[in-house]
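Please read the structure below before turning to the comments.
No experiment lies behind these values; they were computed from the predicted model shown. We use all heavy atoms of the structure for the numbers below, so side chains are in, but hydrogens, waters and symmetry mates are not. Note that the numbering runs from 1 along the sequence shown for the chain.
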Amino acid sequence: MSSFEDLKVSAEICELLKRQGILNPTTVQEKVIPQARAGNDLIVQAKTGTGKTLAFLLPTIERLKKIAVTQELIIAPTRELATQISKVAAKICATLEIESLLICGGQDIDRQKEKLRRVPQLIIGTPGRLLDHLRRGTVQLKNINKIVIDEADELLKLGFIEDVESLIRETAKDRQIILCSATMPLRIRQLAAEFLKSPKEIFVETKTVTLENINQVVVKIPADKKFQKLVEILQNENPYLAMIFCATKENTSKLALELAKKNFEVDELHGDLTQQQRNFVLKKFREAKIQILVATDIAARGLDIEGVTHVISYDVPRDVETYIHRIGRTGRAGENGTAITLVAPSEIERLRRIERGIKKNISVKHSANKNSRAKQIKKSASNIRAKD
């Protein structure tokens, strides 16, 4: 097993990683860091949870110059993911005395303008707000020669690819581009063909598609009986923290309201909330002031919340990647987790596609052990109290 020292990561950053308990690079980091440091354009196909954030941050930030010029741009599809990347980058930048700035919607634009006047070396943001600043003339991209496009397939789903292309065209001609995506649809291939120069392709196959400590179960139920069954599950399982996923914002709001009427401590997370509202909801959930968070997949992208004991798919996801991302919210840090999918007859084919993708038939009968669950809840509660 290699080390970060073997990958020629600086001594300061290696020490920072050790303090965070990160001792050895993941497969994607082993493959990406040398190629990125060499200045090559890269197409990185890797799923959530493989460590790709550090893979593109370490070799690019270390090459930034300590001058008042913006040299690197990282584009993410959602505020949550951009924020998550920004938090990781901030620690690395502080160690190397580099300035980074998060630019996304939901923040006061005048405060962003003021921070942009200080000319950070690294900007991390979402396409819409970045374009807004570009049109206002409050951000300069002409000297940027390092670009990371993270979760390109999600940018495509959200309709941001043309915005990304507009941003790239404003950057330096001798730019290096690292494009990361879990999947590679044709439109992303076209983007790469237009802007990347002789890219090296890195594919990292996740050895274990699903986590061993997640108990995956399916409940087959008529669509009009789903809510009643959900209430029954929540009452029987009594989760410490549960995330319930819906396919649309409308379903998310409706389900959260119906659960509240049943006296559950619940709130909702979707794209119609302001950043202040999102932060307030997530703070309550992290502090276990609410036990249930009903969310859309896009709004929950990039969230990392400890203590989630249950994930429930109220609507069956359309693809295996979304399913894996959902269930990955639980069973973290060695804890056990339960992932329950409610499947109506019209959703059976989606379930079959997911099972083919994870190469496993998901158990149809839910049989969580109440004693085990009680221990899990108690342990999760103890962990959170210890952190408080």
On a heavy-atom basis, which atom in Ile43 and which in Leu196 lie closest, and how many Å separate them?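 Minimum heavy-atom contact is CG1-CD2, 3.7 Å.
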Say you draw a straight line from CZ of Phe264 to CG of Leu230; how long is it, rounded to the nearest 0.5 Å?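 Rounded to the nearest 0.5 Å, the CZ-CG separation comes out at 7.0 Å.
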Verify, without hydrogens or angle tests, whether [X] (side chain) and [Y] (backbone) share a donor-acceptor contact under 3.5 angstrom.
X      : Y      : answer
Asn213 : Gly331 : yes
Gln228 : Lys225 : no
Asp41  : Lys197 : yes

State plainly whether the residues [X] and [Y] are in salt-bridge range, i.e. N to O under 4.0 Å.
X      : Y      : result
Arg189 : Glu201 : yes
Lys229 : Glu232 : yes
Glu5   : Lys18  : yes
Asp132 : Arg136 : yes
Arg356 : Glu349 : yes

Linked hydrophobic residues, Ile67 as query - side chain contacts closer than 4.5 Å: Val69
For the CZ atom on Phe280, are there more than 12 heavy atoms of other groups (residues, nucleotides or ligands in this structure) within a distance under 6.0 Å?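 No, CZ of Phe280 has 12 or fewer neighbouring heavy atoms, counting only those of other groups under 6.0 Å.
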I'd like to know whether Glu165 forms a salt bridge (charged side-chain N to carboxylate O under 4.0 Å, His left out) with Arg187, so could you lay out the CA-CA distance, the side-chain angles of the two residues, the decisive distance to 0.1 Å, and finally the verdict. CA-CA 12 Å; Glu165 291 174 337; Arg187 185 67 181 85; 2.9 Å; yes
Taking only residues two or more places apart in sequence, or in another chain, which ones meet Ala256 in a side-chain contact (heavy atoms from CB on, under 4.5 Å)? Val266, Glu268, Val294
Scan residues 54-67 for pairs that pass side-chain hydrogen bond (donor to acceptor under 3.5 Å, both in side chains), counting only residues two or more places apart or in two chains.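 Qualifying pairs, neighbours excluded: Ser10-Glu62, Arg37-Glu62, Thr60-Glu72, Arg63-Gln176.
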